[in-house]
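Note sheet for the following structure.
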Protein chains: 2
Amino acid sequence: MTYTRSEENCLKAIFTITEQGEHGGSTTAIAAQLRTKASSVTEMVKRLSEKGLVDHKPYHGVLLTEPGNRIATRVIRRHRLWETFLVNHLNFRWDEVHDLAEQLEHIDSDELHDRLDKFMDHPKFDPHGDPIPDKDGRMIDMAGALPLAEVPKDTLVHIVGVKDSSPAFLKLLDGLGLKLGTQLTVNRRFEYDNSVEVSSRFRNGLLLNEQVSRNLTVKPL
Amino acid sequence: MTYTRSEENCLKAIFTITEQGEHGGSTTAIAAQLRTKASSVTEMVKRLSEKGLVDHKPYHGVLLTEPGNRIATRVIRRHRLWETFLVNHLNFRWDEVHDLAEQLEHIDSDELHDRLDKFMDHPKFDPHGDPIPDKDGRMIDMAGALPLAEVPKDTLVHIVGVKDSSPAFLKLLDGLGLKLGTQLTVNRRFEYDNSVEVSSRFRNGLLLNEQVSRNLTVKPL
DNA sequence: GATATAATTTAGCTATACCTAAATATGGGT
DNA sequence: ACCCATATTTAGGTATAGCTAAATTATATC
Ligand SMILES: [Mn+2]
Ligand SMILES: [Mn+2]
Ligand SMILES: [Mn+2]
Ligand SMILES: [Mn+2]
């Protein structure tokens with residue numbers, strides 16, 4: 001079986017939405033994720049449903065079936081493998097690779113991606129800290145990781161991921177000297193705007209707004 | 001400007017056909033190359049013509065304009081770079097890479113392909129002996145190369161390319177121990193069926209039929 | 001110069017994948 | 001139990017990219 005780019009993107013969107021807690025992706029949420037319109041999603045979901053890749057209870061959301069989940073996971077695997085390749089071997093920056101991976105993830109070949117995986121020695125994480133599924137769809141689970149926004153004061157943590165892979169966000173982090181592995185402690189939180197003040201080995205009293213602290217994933221050490 | 005997969009494939013087909021001597025690709029020849037129908041080509045050519053990528057004189061063939069030629073060359077560059085990467089770095093065999101490259105060649109990014117080129121240290125030939133255009137479209141010209149079928153008796157030559165990249169043909173060559181660089185001499189030619197008998201360092205009296213000798217490109221030493 | 005053959009184009013149809021605007025259904029709150 | 005804001009679907013349209021079958025056109029041969 002081979003699926004179209006749009007089908008794969010739709011399955012991936014549903015995966016991402018349902019993974020983030022939602023109990024079934026709404027037509028609207030999927031449309032937002034795909035930057036398309038709800039009516040287009042209705043049609044796409046109908047087709048995916050006929051192919052047995054999703055379960056759709058109108059007004060109650062779309063869920064991936066087991067085959068649908070397998071395909072979505074495979075697309076995510078490919079995306080993350082390519083991002084890793086582009087950064088580690090072609091010397092792209094972490095803020096440059098997402099859009100390229102959006103194209104490359106649709107190349108139709110398990111063999112290619114398994115060889116790419118092997119070539120890189122089976123990397124476990126992509127440049128943004130996201131776990132890379134192995135060929136059976138298994139990946140390291142991120143238990144213990146949480147948004148910086150939810151870290152208690154005076155806890156030593158290190159950055160393990162970013163929720164937002166947009167160039168703008170990643171460039172901001174670069175500009176602040178924050179990257180995967182950077183160790184941080186929350187010194188103060190301001191109720192006024194939910195901003196947090198953090199310190200690292202290199203920098204003291206760095207003020208991060210709520211948007212930033214929500215999009216930084218960290219893990220206590 | 002960004003072009004669709006079908007547009008790129010059509011331009012590439014016209015390039016290949018006109019390169020092989022034809023004075024303008026006929027609708028039928030293009031259709032055969034693309035494994036599509038003449039009527040589909042008519043429509044495609046109309047669109048390419050409106051975009052200024054081809055000149056079409058009905059019943060006298062389609063020719064690439066300078067912009068059309070640039071795009072076709074770029075697609076060929078990408079195809080050959082990917083084939084080289086797949087063979088040299090992911091350990092694919094030379095008979096496995098063509099179809100994958102047909103997909104990868106449409107990834108829309110000069111930056112990616114220039115970096116891939118650099119990563120491989122600017123290879124000059126792909127795994128089938130075809131010259132790889134550089135980022136300005138220039139490539140080594142194959143003057144002096146000719147089909148084995150046209151080599152005079154007792155001339156020492158070596159294999160520099162294959163005209164046919166199909167898995168079937170390449171597997172046949174593998175099976176006969178013939179590969180790029182192999183040195184050959186034509187011992188005898190048989191008028192009956194245009195077959196030739198060749199010798200290499202490893203093998204004496206190997207009989208090759210016309211189809212094979214036409215698809216093997218060699219160069220005198 | 002007429003004509004037949006083969007190449008080419010046109011007409012009309014299908015499928016995917018988008019869109020906007022209009023219609024409709026639902027579930028939470030009253 | 002009802003209503004309505006909102007989510008969702010339907011209707012109808014566009015563009016790309018195929019297809020088959022029918023019509024048309026040019027060229028090469030007689
Ligand atoms: Mn990404
Ligand atoms: Mn990523
Ligand atoms: Mn090839
Ligand atoms: Mn090749």
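Remember, predicted model here, so these are calculated numbers, not experimental data. Protein chains get the first letters and strands the later ones, always in sequence-line order, with residue 1 at the start of each.
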State plainly whether the residues E105(B) and R80(B) are in salt-bridge range, i.e. N to O under 4.0 Å.
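Salt bridge: no.
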Is the F119(B)-H89(B) ring centre distance short of 6.0 angstrom?
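Under 6.0 Å, so yes.
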Ring center gap for F85(A) and F85(B) short of 6.0 angstrom
yes
Hey, does the side-chain of S39(A) have a donor or acceptor N/O within less than 3.5 Å of a partner on the base of dT20(C)?
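In this structure, the two groups form a donor-acceptor pair.
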Distance check needed: [N] [atom2] versus [X] [atom1], whole Å only.
X	N	atom1	atom2	result
E50(A)	dA15(C)	CD	P	12 Å
K37(A)	dA22(C)	NZ	P	16 Å
M44(A)	dA15(C)	CE	P	15 Å
H56(B)	dT9(C)	NE2	C1'	10 Å
R35(A)	dC18(C)	CZ	P	14 Å
I30(B)	dA7(C)	CD1	C1'	13 Å

Show the atom names and distances, to 0.1 Å, of all donor-acceptor pairs under 3.5 Å that link a side chain in residues 57-66 of chain A to residues at least two apart or in another chain.
from: T65(A); atom 1: OG1; to: G52(A); atom 2: O; distance (Å): 2.8
from: T65(A); atom 1: OG1; to: L53(A); atom 2: O; distance (Å): 3.1
from: T65(A); atom 1: OG1; to: G68(A); atom 2: N; distance (Å): 3.2

Among dT9(C), dC19(D), dA17(D), which is the nearest nucleotide to the side chain of R47(B)?
dA17(D)
Base, backbone or nothing for each nucleotide of nucleotides 24-30 of chain C, written B, S, -, heavy atoms under 4.0 angstrom, 5' to 3'?
-BSS---
Between N209(B) and S195(B), a side-chain donor and acceptor under 3.5 Å:
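No, because no side-chain N or O of N209(B) sits under 3.5 Å from a partner of the opposite role on S195(B).
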Considering just the side-chain nitrogens and oxygens of S40(B), establish if one lies under 4.0 Å of OP1 or OP2 belonging to dG18(D).
no
Mind listing the residues from residues 3-17 of chain A sitting with a heavy atom below 4.0 Å of DNA chain D? Number order is fine.
none
When all nucleic acid strands are considered with a 4.0 Å heavy-atom cut-off, which category describes T42(A): base, sugar-phosphate, or nothing?
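It contacts base atoms.
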Show me the side-chain donor-acceptor pairs of residues 120-127 of chain B shorter than 3.5 Å, one per line, residues at least two apart or across chains.
from: H122(B); atom 1: ND1; to: D117(B); atom 2: OD2; distance (Å): 3.2
from: K124(B); atom 1: NZ; to: H122(B); atom 2: O; distance (Å): 3.2
from: D126(B); atom 1: OD1; to: H128(B); atom 2: N; distance (Å): 2.6
from: D126(B); atom 1: OD1; to: G129(B); atom 2: N; distance (Å): 3.1
from: D126(B); atom 1: OD1; to: D130(B); atom 2: N; distance (Å): 3.0

Pairwise 5' ranking along DNA chain C for T36(A) and E43(B), keeping only the more 5' one
E43(B)
Which residues share a side chain to side chain contact (heavy atoms under 4.5 Å, CB included) with T4(A), sequence neighbours left out
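Side chain to side chain contact (heavy atoms under 4.5 Å, CB included) list for T4(A), sorted by chain: S6(A), E7(A).
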Donor-acceptor contacts under 3.5 Å from residues 162-174 of chain A side chains, at least two apart:
from: D164(A); atom 1: OD1; to: S166(A); atom 2: N; distance (Å): 2.7
from: D164(A); atom 1: OD1; to: S166(A); atom 2: OG; distance (Å): 3.0
from: D164(A); atom 1: OD2; to: S166(A); atom 2: OG; distance (Å): 3.4
from: S166(A); atom 1: OG; to: F169(A); atom 2: N; distance (Å): 3.3
from: D174(A); atom 1: OD1; to: W94(A); atom 2: NE1; distance (Å): 3.1
from: D174(A); atom 1: OD2; to: W94(A); atom 2: NE1; distance (Å): 3.3

Taking D110(A) as the fixed residue, which of K135(A), R78(A), R70(A) is the one that meets the salt bridge (Lys or Arg N to Asp or Glu O under 4.0 Å) rule?
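Filter result, single survivor: R78(A).
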